[in-house]
Amino acid sequence: MSNTAMTVSEAIQARRATKHFDSEHVMSDEEFETLISHATLSPTAFNIQHWRFVRVNDRSLRQQIAGAAWDQPQVTDASLLLVLTMDVQAWQKEPERYWQDAPQEARDFILPALEAYYLDKPQVQRDEAMRSGGLVAMNMMLMAQQMGYDSCPMDGFDFDKVAELIKLPEDHLICMMLAIGKQSKDSWPRLSRLPQSEIVIENHY
Ligand SMILES: Cc1cc2nc3c(=O)[nH]c(=O)nc-3n(C[C@H](O)[C@H](O)[C@H](O)COP(=O)(O)O)c2cc1C
């Protein structure tokens, strides 16, 4: 880790959606492990952990994905390209394992509640998976920042085509792609954010 002193505030302020990466830089397996192990401490409803990270190392697959992403250079040049996929049905795949460390009385209460929450509710299942994806992606980008990496969240690609290329299972969805690497060219100045007077609503609309 190259920048252990970075605070959360500093990581948030330093992160930019990076377009240009050093294509020569290699991320070590140890760094990858650090990134994943921190990102997956993100919260998920019922601890379901819908995320399934497709790490694309294969150069020709990267080229094909770039072709489905308007040839955005991040896809081929980032040290790490993840297709962040979500198992929408994870809620019903051996859910006991999500709660195996909890006391028995908690398990007795939570597991039926979990089933009742998702059963026959495809919109809820999907929304929940996407919520998990947004949270894990953000933590991954902030952790990357602390480790001296830059990142780009991406949805500028043909989802159906990328799903086909990575052989996405029927009951999974793609949330976004994440490109992580060393920035090779300065970003343009950050775009301004909307004023708080527009985005903060006190009590109700
Ligand atoms: C879900 C999502 C998808 C995005 N897709 C792309 C993309 O395909 N290509 C790209 O260059 N930037 C992409 N971005 C980056 C945004 O354009 C960028 O975050 C925004 O302009 C604000 O810039 P900043 O992140 O540097 O502050 C995406 C961001 C998000 C959150």
Side-chain angles (χ1 to χ4, degrees), residues 3 6-23 25 27 35-36 38-40 42-45 49-56 59 61-88 123 125-166 168 172-200:
N3 194 358
M6 193 174 252
T7 64
V8 176
S9 169
E10 285 164 345
I12 289 171
Q13 293 182 64
R15 186 213 57 80
R16 297 296 314 280
T18 298
K19 318 283 176 198
H20 301 282
F21 291 100
D22 172 1
S23 61
H25 182 80
M27 179 185 286
L35 205 49
I36 289 282
H38 284 76
T40 53
S42 302
T44 50
Q49 307 162 68
H50 309 78
W51 41 64
R52 305 291 180 262
F53 304 91
V54 178
R55 174 157 54 150
V56 185
R59 302 308 312 175
L61 185 54
R62 286 252 204 146
Q63 286 290 351
Q64 289 175 279
I65 293 175
W70 302 306
D71 288 319
Q72 295 192 72
Q74 302 94 313
V75 175
T76 44
D77 295 350
S79 309
L80 174 66
L81 181 75
L82 293 176
V83 185
L84 175 53
T85 74
M86 314 310 295
D87 183 349
V88 179
Q123 179 76 45
Q125 295 166 12
R126 185 192 164 103
D127 289 351
E128 206 77 282
M130 290 303 189
R131 273 189 277 273
S132 302
L135 290 164
V136 79
M138 194 67 245
N139 267 357
M140 184 166 289
M141 289 188 282
L142 293 180
M143 190 61 198
Q145 208 67 46
Q146 177 180 306
M147 292 166 66
Y149 278 98
D150 303 288
S151 61
C152 191
M154 302 182 73
D155 67 5
F157 58 91
D158 179 334
F159 277 57
D160 292 339
K161 183 73 194 156
V162 172
E164 194 183 312
L165 288 167
I166 62 166
L168 187 74
H172 288 43
L173 283 175
I174 295 176
C175 178
M176 67 178 91
M177 292 201 290
L178 282 173
I180 297 178
K182 299 278 185 182
Q183 184 172 22
S184 62
K185 210 161 127 184
D186 284 348
S187 301
W188 59 61
R190 201 199 279 275
L191 300 175
S192 62
R193 297 313 201 235
L194 294 170
Q196 290 195 13
S197 58
E198 184 175 344
I199 60 166
V200 178

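Whatever order the structure lists them in is the order used to number ligands and atoms, beginning at 1. Please read all numbers here as calculations on a predicted model, not as lab measurements.
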Quiz item: Does NZ or CZ of K182 lie under 6.0 Å from the centre of the six-membered ring of Y149, at an angle within 45° of the ring axis?
Solution: yes
Quiz prompt | Proximal ligand 1 atoms for A17, defined as those under 4.0 Å from one of its heavy atoms | solution = 15 (C), 18 (C), 19 (O), 24 (P), 25 (O), 26 (O)
Quiz item: Any idea which atoms of ligand 1 are less than 4.0 Å away from a heavy-atom of D155?
Solution: 1 (C), 3 (C), 4 (C), 5 (N), 6 (C), 8 (O)
Quiz item: Does ligand 1 have a heavy atom under 4.0 Å from the side chain of R193, from its backbone, from both, or from neither?
Solution: side chain
Quiz item: Short N/O distance, under 3.5 Å, between P153 and ligand 1?
Solution: yes
Practice problem: List the steps and the verdict of side chain to side chain donor-acceptor pair (under 3.5 Å) for Q13 and S9. | Solution: CA-CA 6 Å; Q13 293 182 64; S9 169; 2.9 Å; yes
Quiz item: Where is the nearest protein heavy atom to atom 8 (O) of ligand 1: which residue, which atom, and how far?
Solution: G156 N, 2.9 Å
Quiz item: Below 3.5 angstrom, do we get any N/O pair linking L191 and ligand 1?
Solution: no
Practice problem: Output the list of atoms in ligand 1 that are nearer than 4.0 Å to some heavy atom of R16, sorted by atom number. | Solution: 24 (P), 26 (O), 27 (O)
Self-check item: Nearest-neighbour protein heavy atom for atom 12 (N) of ligand 1, which is reported as residue plus atom name and distance
Solution: K19 NZ, 3.3 Å
Quiz prompt | Q72: numbered ligand 1 atoms lying under 4.0 Å from its heavy atoms | solution = 7 (C), 8 (O), 9 (N), 10 (C), 11 (O)
Quiz item: Heavy-atom contact under 4.0 Å between M177 and ligand 1?
Solution: no
Self-check item: Atom pair CZ/CE of R16 and M141 - distance to nearest 0.5 Å
Solution: 13.0 Å
Quiz item: Taking only heavy atoms of R190, which atoms of ligand 1 are found under 4.0 Å from at least one of them?
Solution: 24 (P), 27 (O)
Quiz item: CD/E164 to CZ/F159 distance, rounded to the nearest 0.5 angstrom?
Solution: 15.0 Å
Practice problem: Please indicate whether any nitrogen or oxygen in M176 is less than 3.5 Å from any nitrogen or oxygen in ligand 1. | Solution: no
Exercise. Mark the output for H20 as yes if a heavy-atom distance to ligand 1 is under 4.0 Å, and as no if none is.
Key: no
Quiz item: Is any heavy atom of the protein nearer than 4.0 Å to atom 20 (C) of ligand 1?
Solution: no
Quiz item: Under 4.0 Å from any heavy atom of R15, which atoms of ligand 1 are there?
Solution: 24 (P), 25 (O), 27 (O)
